[in-house]
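Read the structure below first, then the notes.
Because the structure is predicted, anything quoted here is derived from the model rather than measured.
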Amino acid sequence: MNFLTPTEWAILGLSLKVSLVAIGLTMPVAYALAWLLARRRFPGRMLLDALVHLPLVVPPVVTGWLLLVVFGRQGPVGSVLQDWFGLSLTFRWQGAALAASVMALPLMVRAMRLSIEAVDRRLVGAARSLGASRWRAFLTITLPLSLPGILAGAVLGFARSIGEFGATITFAANIPGETQTLPLAIYSGLQVPGMESDVARLAVLSIALSLLALLASEWLVRRHQGDRAHVL
Amino acid sequence: MNFLTPTEWAILGLSLKVSLVAIGLTMPVAYALAWLLARRRFPGRMLLDALVHLPLVVPPVVTGWLLLVVFGRQGPVGSVLQDWFGLSLTFRWQGAALAASVMALPLMVRAMRLSIEAVDRRLVGAARSLGASRWRAFLTITLPLSLPGILAGAVLGFARSIGEFGATITFAANIPGETQTLPLAIYSGLQVPGMESDVARLAVLSIALSLLALLASEWLVRRHQGDRAHVL
Amino acid sequence: MCFDIALELVRGERRIACTIASDAKLVALTGPSGAGKTSVLDAIAGLLRPAHGHIRIGETVLFDSAQAIDLLPERRGAGYVFQDMRLFPHRRVGANLTYGQRDGSWITTDEVISLLDIGKLLDRWPATLSGGEARRVAIGRALLSSPDFLLLDEPLASLDQPRGEEILRLIERIRDELTIPILLVSHDPAEVARLTDVVAAIG
Amino acid sequence: MCFDIALELVRGERRIACTIASDAKLVALTGPSGAGKTSVLDAIAGLLRPAHGHIRIGETVLFDSAQAIDLLPERRGAGYVFQDMRLFPHRRVGANLTYGQRDGSWITTDEVISLLDIGKLLDRWPATLSGGEARRVAIGRALLSSPDFLLLDEPLASLDQPRGEEILRLIERIRDELTIPILLVSHDPAEVARLTDVVAAIG
Amino acid sequence: AAPRGPVILAAASMQEALREIADRWEAEGHARPVLSFAGTPALARQIEAGAPADLFLAADEEWMEELEARQLLRSGSRRVIAGNRLVLVALVGKDTGGDRLAMADPNSVPAGRYGKAALENLGLWEEARTRFVPTENVRAALALVERGEVKQGLVYASDAAASRKVKVLKTLPAASHPPISYPLAVLNGSTHSDASALADYIAGPEGQAILQKHGFLPAP
Ligand SMILES: Nc1ncnc2c1ncn2[C@@H]1O[C@H](COP(=O)(O)OP(=O)(O)OP(=O)(O)O)[C@@H](O)[C@H]1O
Ligand SMILES: Nc1ncnc2c1ncn2[C@@H]1O[C@H](COP(=O)(O)OP(=O)(O)OP(=O)(O)O)[C@@H](O)[C@H]1O
Ligand SMILES: [Mg+2]
Ligand SMILES: [Mg+2]
């Protein structure tokens with residue numbers, strides 16, 4: 001395909017890799033948090049809720065800086081990862097994925113939580129009385145019934161991580177082929193006069209990507225809900 | 001109160017003003033969009049959906065730049081606003097509010113849409129048969145039953161707009177007392193070596209603000225739902 | 001005529017046809033489970049559009065595919081007691097009752113509350129009601145909208161005998177004194193026999 | 001004893017007490033609307049915790065506040081037909097039926113489907129079922145979980161007479177041939193009289 | 001409300017120096033100028049979009065030329081008011097951070113471009129390109145050194161002077177890269193009567209003294 005240069009293809013591929021890995025790994029965590037916040041009352045619940053929202057409130061650059069403090073080479077987690085597993089996150093695509101994941105988390109948790117709260121708990125009771133364990137009732141009732149929220153969370157999270165800039169450039173830097181995702185490339189283009197057309201191509205690219213994600217999720221919802229939509 | 005300097009109080013006040021105005025004005029628009037996307041099938045629906053998600057996908061700096069192109073003095077909308085109403089958005093707090101509002105929109109629409117989709121349409125039918133017009137049925141059934149989504153949208157939107165940086169600094173600039181909101185002040189602090197403690201104070205401030213919003217929304221939900229929560 | 005109904009409906013793969021032409025104030029609609037009774041009531045209330053046909057109750061044409069008449073649900077004046085109740089979950093019982101209330105109601109709120117014995121429930125949320133309590137509130141809500149005709153879909157289901165008797169008497173009074181047309185779905189032949197001898201069977 | 005139940009429950013401001021001690025295989029639970037019948041069934045199924053008391057069915061102690069016994073709902077082996085059906089909206093009828101299916105069921109899927117006449121509904125979503133169709137699917141789902149005892153909350157509500165008769169006969173067979181304890185909530189005295197002469201009244 | 005002084009759009013790296021100049025200017029009886037700091041490109045785009053500002057202080061000539069070509073600057077008002085040097089810094093004390101070298105992105109940030117030119121000139125680029133970490137701006141590169149994430153950073157002398165956590169290893173020869181200059185200009189759309197006077201003040205002895213106190217060099 002000739003409408004993209006090889007570099008642009010590489011950037012696209014990297015962005016996709018970073019976002020998909022980020023969202024894939026964050027989904028279960030986000031869902032667990034959403035479930036806790038929706039269904040459990042425990043001390044510190046409000047605190048957890050606030051913590052989850054943090055990356056939304058704090059400017060992305062600060063989030064990136066905090067990631068550096070915690071996951072950097074000198075950081076408490078980063079040094080352990082480095083010494084024990086030889087894993088370094090800063091300046092690596094894994095770091096970009098971590099940044100994308102943290103920034104997407106609050107959006108995902110909220111959407112999932114809304115859907116979990118909307119699940120009729122009496123159905124869980126019915127499942128239990130039919131012999132389902134707590135766990136099976138969760139897997140077969142709560143989880144599938146909160147699918148709209150899971151999909152909405154995935155779409156929001158994917159879009160957010162495709163667009164993530166501030167935390168990524170601060171924590172993972174702007175290394176072509178390693179951490180230079182679409183928004184970083186777009187930003188670089190914007191810094192130089194006269195690069196508007198390159199920027200536009202990249203912007204169209206990220207829009208196309210999210211449009212695809214959007215279409216996919218709509219399709220999934222339709223396929224899943226089929227004809228069981230309510231009638232007036 | 002002595003733990004904040006007068007400048008910090010002013011920044012806090014400005015941030016609050018910008019976010020509250022942004023969210024207040026965006027809520028009805030977001031809800032209308034959410035309702036359209038949830039309940040209507042029309043040509044261009046997917047396009048509208050994609051458009052709403054745009055500010056999430058495109059890096060904030062690009063959004064700010066697009067705002068500049070459209071709402072700047074030379075822009076198609078900006079020049080009309082300027083000539084007809086004498087209203088200029090660039091370098092004004094109204095511009096910062098516009099940027100915050102655009103960035104918060106996708107989050108608000110998604111949350112509201114999830115809740116609207118979860119409203120049982122048969123209840124709307126019941127209301128109509130009891131003599132309610134389409135409009136009254138909407139106001140008395142769909143709207144209140146989607147309250148969880150409205151509140152979640154408000155919280156997400158408020159948090160996002162309190163944290164908004166990239167689009168604001170690009171579109172509305174970094175003018176103390178006019179457009180220098182918390183994140184912009186934090187950014188300014190980060191540009192100067194050795195200002196970490198001031199930055200930390202500002203960051204804590206924005207976190208406190210969103211925590212308050214969070215608490216308020218939880219309280220509203222509880223007060224509203226009262227004892228009608230489901231029993232297993 | 002009181003009821004002049006002829007319509008055909010499509011539900012999924014099923015076609016449902018129903019014809020009622022009668023001067024009786026109360027007509028019973030019967031038929032096996034799944035025959036289409038609820039669908040017919042939905043069509044009369046304007047919540048489901050028939051493939052074709054007409055619906056006239058009393059003097060009013062509610063629907064006529066030939067004349068392209070299709071009144072909005074809120075213009076039809078139906079007092080519909082739904083088979084599945086459909087109470088508004090975000091309004092307390094009291095607010096559910098008054099939702100459709102209109103001036104010039106032919107029954108007062110106090111009468112409804114005491115007849116249905118739901119005075120103690122007014123401050124409760126619908127989710128906390130028992131099956132029979134919810135049924136009575138649904139009946140009350142429909143009556144208070146001072147409807148021009150009543151659509152009752154198994155109004156006595158899950159009610160104990162004394163309470164059912166009370167409501168049967170109320171239905172008789174509405175039929176005789178107020179002369180309001182009533183279409184009743186019931187599976188109990190004794191109940192039907194007591195209220196009317198005009199039975200429309202479908203399915 | 002087949003049923004040895006003594007419990008007290010709190011619902012909102014109401015206290016509900018219920019005592020059943022009987023060797024009959026089928027006991028009818030009656031009482032006015034709102035008396036607490038559904039609450040008692042919920043407590044037996046383990047979905048509602050009694051304030052105190054004990055629940056023994058057949059040989060098994062399901063709950064005993066004195067001995068601090070409280071079996072999980074899934075361990076109680078209840079076959080509960082809920083008053084409000086509670087079909088799983090995201091599973092087709094077929095998948096609802098088999099949800100609780102266990103090996104060594106005393107009734108086969110085919111038997112249930114033909115007895116309840118729900119063969120045509122297997123591929124449908126619950127939201128598209130009529131009231132009586134949903135009721136029959138709910139009964140089928142409970143039977144297929146091969147329960148150790150049955151809790152039937154108005155199982156014949158919104159069913160036409162021939163279908164109701166079919167199900168009554170099925171209940172009789174379960175009572176007599178399988179000797180599975182059954183607790184039945186019903187408002188129809190004729191139905192109750194036909195099935196048992198042990199009636200526990202509450203309220 | 002107090003009368004507003006001219007609006008200055010200035011590169012973020014000029015923040016402290018310009019604030020001090022504004023203080024002094026105000027102390028001399030003028031209305032306080034309005035300062036808006038951001039990256040040079042963002043500021044230039046605001047000017048292109050017709051933002052109501054009076055002065056533009058950029059961190060490099062490239063955007064200034066772009067604006068001049070578009071006739072957005074008052075003719076004859078453009079002048080260079082400060083210069084800078086590139087230095088190689090490292091964390092004071094322990095030696096950590098592998099062998100990475102942080103510097104502003106050569107593709108998009110002027111400091112990076114200067115740095116790359118200098119390294120090329122000195123024959124060090126081929127070695128450096130395998131280990132360098134491009135950052136959003138010079139401050140971010142400095143922060144990475146301060147956090148011990150990288151071994152060395154290539155930053156402006158003015159930034160290195162402001163940080164107590166880093167030490168200067170080497171100052172790159174001025175001849176090894178194009179001159180680093182900070183141009184100032186009055187905007188064509190400016191209506192403020194103080195604009196020219198303030199520009200002259202920044203370029204004059206008082207302004208220069210403050211700029212040099214903050215580590216900037218006189219205009220090259
Ligand atoms: N959306 C749908 N898709 C397919 N079939 C449907 C749909 N809605 C209803 N039906 C079918 O239409 C038929 C009529 O349903 P309806 O609810 O009117 O029956 P009914 O006579 O009220 O039955 P019951 O006495 O059991 O309440 C049923 O067989 C039902 O399964
Ligand atoms: N969460 C609750 N808060 C307050 N009261 C409740 C709650 N849940 C149930 N009740 C009340 O407890 C009583 C018993 O309810 P239950 O559903 O057991 O009655 P029931 O005997 O099954 O009645 P029906 O025959 O009408 O179904 C009712 O008066 C009901 O209003
Ligand atoms: Mg029906
Ligand atoms: Mg009950």
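For E/R129, the CZ atom sits in a loose shell: 12 or fewer heavy atoms of surrounding residues, nucleotides or ligands are nearer than 6.0 Å. Within a 6.0 Å sphere centred on CZ of E/R164, other residues, nucleotides and ligands contribute 12 heavy atoms or fewer.
One finds the CZ atom of A/F165 at 4.5 Å from the CD atom of E/E136 (value rounded to the nearest 0.5 Å). Distance OG/E/S108 to CD1/A/I186: 13.0 Å, rounded to 0.5 Å. Taking CG from A/L68 and CZ from E/R147, the interatomic distance works out to 6.0 Å, rounded to the nearest 0.5 Å. Here the straight-line distance linking atom CD1 of A/I169 with atom OG1 of E/T135 works out to 7.5 Å at 0.5 Å rounding.
Minimum heavy-atom separation, E/G148 to A/Q74: O-NE2, 3.5 Å. Among all heavy-atom pairs drawn from A/V192 and E/N107, the shortest one is CG2-O, 3.5 Å. Taking all atoms of both residues into account, the shortest heavy-atom contact from A/Q191 to E/W63 is O-NE1, 2.8 Å. The minimum heavy-atom distance linking A/G72 with E/E149 is given by the pair CA-OE2, 2.7 Å.
Side-chain atoms of E/L144 and A/F91, non-hydrogen and from C-beta on, do get closer than 4.5 Å to each other. Under the 4.5 Å side-chain criterion, counting only non-hydrogen atoms from C-beta, E/P134 is not in contact with A/S188.
Interface check for chain E: of the options A/T170, A/V69, A/T90, A/V61, the most heavy-atom pairs under 4.5 Å are formed by A/V69.
Using modelled atom types, one side-chain atom of E/R45 and one backbone atom of A/L190 make a donor-acceptor pair closer than 3.5 Å.
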